[in-house]
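Atoms within each ligand, like the ligands themselves, are counted from 1 in listed order.
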Amino acid sequence: MNFEQLDLADFGWSPFFSSQLSTDDLAELLPVRVMAVHRGGLDVASPSVQTLIPPFVLNDGDDESVATVGDWLLVEPNTLRPRRLLDRKSLFKRRAPGTDRRVQLIAANVDTLMVVSSCNQDFNAARLERYLALAREADVTPIVVLTKSDLSNNSGELAQQAAKLLPGLLVESLDARDPDAVACLEPWCGKGQTVSLVGSSGVGKTTLVNTLSGTTELATQDIREDDDKGRHTTTGRALYRLPSGGWLMDTPGMRELQLTDAREGLDEVFADIVALANTCRFSDCQHQSEPGCAIQVAIFDGTLEADRLRRWQKLAAEEAFNSSSLAERRAKGRAFGKMVRNIMKEKNRGDRG
Ligand SMILES: Nc1nc2c(ncn2[C@@H]2O[C@H](COP(=O)(O)OP(=O)(O)O)[C@@H](O)[C@H]2O)c(=O)[nH]1
Ligand SMILES: [Mg+2]
Ligand SMILES: [Zn+2]
């Protein structure tokens with residue numbers, strides 16, 4: 001790939017990053033973007049350099065101080081030694097399974113998340129809301145792309161339903177194979193814009209990417225990496241340039257995002273319910289049959305759908321469970337086991353008596 005005619009803004013540089021540099025930094029250091037992450041290092045690029053550098057971890061060494069794909073680093077111009085990791089505009093991360101549950105970084109500085117769903121069987125409000133919450137938690141702007149509009153006779157209605165899930169949410173329904181239709185997504189894929197796609201298997205993500213890139217090559221374009229036997233192996237985790245001037249963030253980690261540590265994202269997507277809950281008479285209102293429950297009033301007068309309340313309750317419970325520590329889960333498990341045993345005891349007593 002030839003980056004020589006590009007300027008920094010083409011790589012996604014913006015005032016958000018330049019404002020983090022002092023005059024001295026500007027004179028002495030060179031900003032580079034992490035274009036790909038390999039086991040052995042980072043592919044970084046800027047208008048003047050394109051090279052592989054060793055992995056970069058800040059001295060304070062917490063989970064988020066490791067450079068990841070999409071990051072901006074300041075390097076020394078001659079040695080290319082990394083000196084600083086710039087604050088991120090957005091960050092997707094997840095907690096590893098396993099006992100230590102370390103935070104793993106998935107992608108930094110994504111501008112737009114295309115939440116892809118299809119107009120046929122796949123359309124599911126709860127799934128969309130989960131992705132929207134993940135995007136908002138990461139500080140990324142979500143848009144919804146409903147594919148296979150050509151196979152559906154209610155794509156307009158579905159688009160309206162989707163648009164109601166988050167105030168200001170943009171929804172496009174289209175045939176992902178049609179370049180003229182997909183052109184409506186170009187504003188999010190323009191100069192320096194970084195986009196990523198999520199959605200279930202089969203909804204048309206690969207098709208969309210191929211149409212956006214005007215080729216079938218991009219999806220099969222692999223990052224090559226030497227493994228320890230000197231062979232080339234392929235991995236994901238890279239930025240690919242789109243003909244419209246943007247960057248496609250492709251990382252397998254996006255597929256495994258869970259609703260963990262995503263309380264703020266959920267609160268944003270369900271801001272309507274959170275606002276109502278704040279006006280319930282009791283601060284621990286369960287929104288069932290308590291007196292003075294603002295949520296039940298809203299359902300009664302039709303301003304809130306009962307389904308949306310149920311979806312929020314389910315997602316909030318899922319988020320709380322995923323975010324709890326292993327110890328908390330064990331404690332919950334024990335408390336639950338105890339409750340079950342007590343109920344059985346009561347029941348046995350009742351059966352005998
Ligand atoms: N008719 C129609 N077929 C589509 C559309 N988008 C994707 N497909 C087809 O759906 C299948 C799955 O698409 P693919 O891009 O592989 O989905 P992915 O798993 O999300 O990457 C393929 O056969 C595509 O040709 C669309 O908008 N209309
Ligand atoms: Mg695919
Ligand atoms: Zn209530």
Participant: Does any N/O atom on L151 come nearer than 3.5 Å to any N/O atom on ligand 1?
Facilitator: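 N/O-N/O distance below 3.5 Å does not exist for this pair.
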Participant: Counting heavy atoms only, which of L146, D175, T147 is nearest atom 26 (C) of ligand 1?
Facilitator: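 Closest candidate by heavy-atom distance is D175.
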Participant: Looking at D122 and R127, is any side-chain nitrogen of the basic one under 4.0 Å from a carboxylate oxygen of the acidic one?
Facilitator: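 Judged by the 4.0 Å cut-off on N to carboxylate O distance, R127 and D122 do form a salt bridge.
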Participant: Does the plane of the ring in W72 sit parallel, tilted or perpendicular to the ring in F17? Use 30° and 60° as the thresholds.
Facilitator: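 Correct class here is tilted.
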Participant: Which pair of heavy atoms, one from P82 and one from L73, lies closest together, and at what distance?
Facilitator: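 Taking every non-hydrogen atom into account, CB-CD1, 4.5 Å.
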Participant: Taking distance alone, with no angle check, do K205 and ligand 1 share an N/O pair under 3.5 Å?
Facilitator: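 Checking ligand 1 against K205, an N or O pair does fall under 3.5 Å apart.
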Participant: Quick check: does T206 put an N/O/S atom under 2.8 Å from the Mg ion (ligand 2)?
Facilitator: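 Yes.
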Participant: Among protein heavy atoms, which lies nearest atom 28 (N) of ligand 1, and at what distance?
Facilitator: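 Answer for atom 28 (N) of ligand 1: D150 OD1, 2.8 Å.
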Participant: Can you name the nearest heavy-atom pair linking K89 to N109, along with the distance?
Facilitator: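 It is N-OD1, 2.7 Å.
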Participant: So is G199 in contact with ligand 1, going by heavy-atom distances below 4.0 Å?
Facilitator: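 It does not, in that no heavy atom of G199 comes within the 4.0 Å cut-off of ligand 1.
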Participant: Under 4.0 Å from a heavy atom of A176: which atoms of ligand 1 are those, numbered in the order shown and with their elements?
Facilitator: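 Ligand 1 atoms under the 4.0 Å threshold to A176: 6 (N), 26 (C), 27 (O).
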Participant: Which atoms of ligand 1 are found less than 4.0 Å from any heavy atom of S200?
Facilitator: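 Going through ligand 1 atom by atom, the ones under 4.0 Å from S200 are 20 (O).
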Participant: Below 4.0 angstrom from a heavy atom of V203, which ligand 1 atoms are there? Numbered from 1 as shown, please.
Facilitator: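 Every atom of ligand 1 under 4.0 Å from some heavy atom of V203: 17 (O), 20 (O).
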Participant: For atom 19 (O) of ligand 1, find the nearest protein heavy atom and state the residue, atom name and distance (0.1 Å precision).
Facilitator: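 That would be G202 N, 2.7 Å.
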Participant: Sub-3.5 Å donor-acceptor pair from the side chain of T112 to the main-chain atoms of V195, do we have one?
Facilitator: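 No, because the side chain of T112 does not come within donor-acceptor range (under 3.5 Å) of the backbone of V195.
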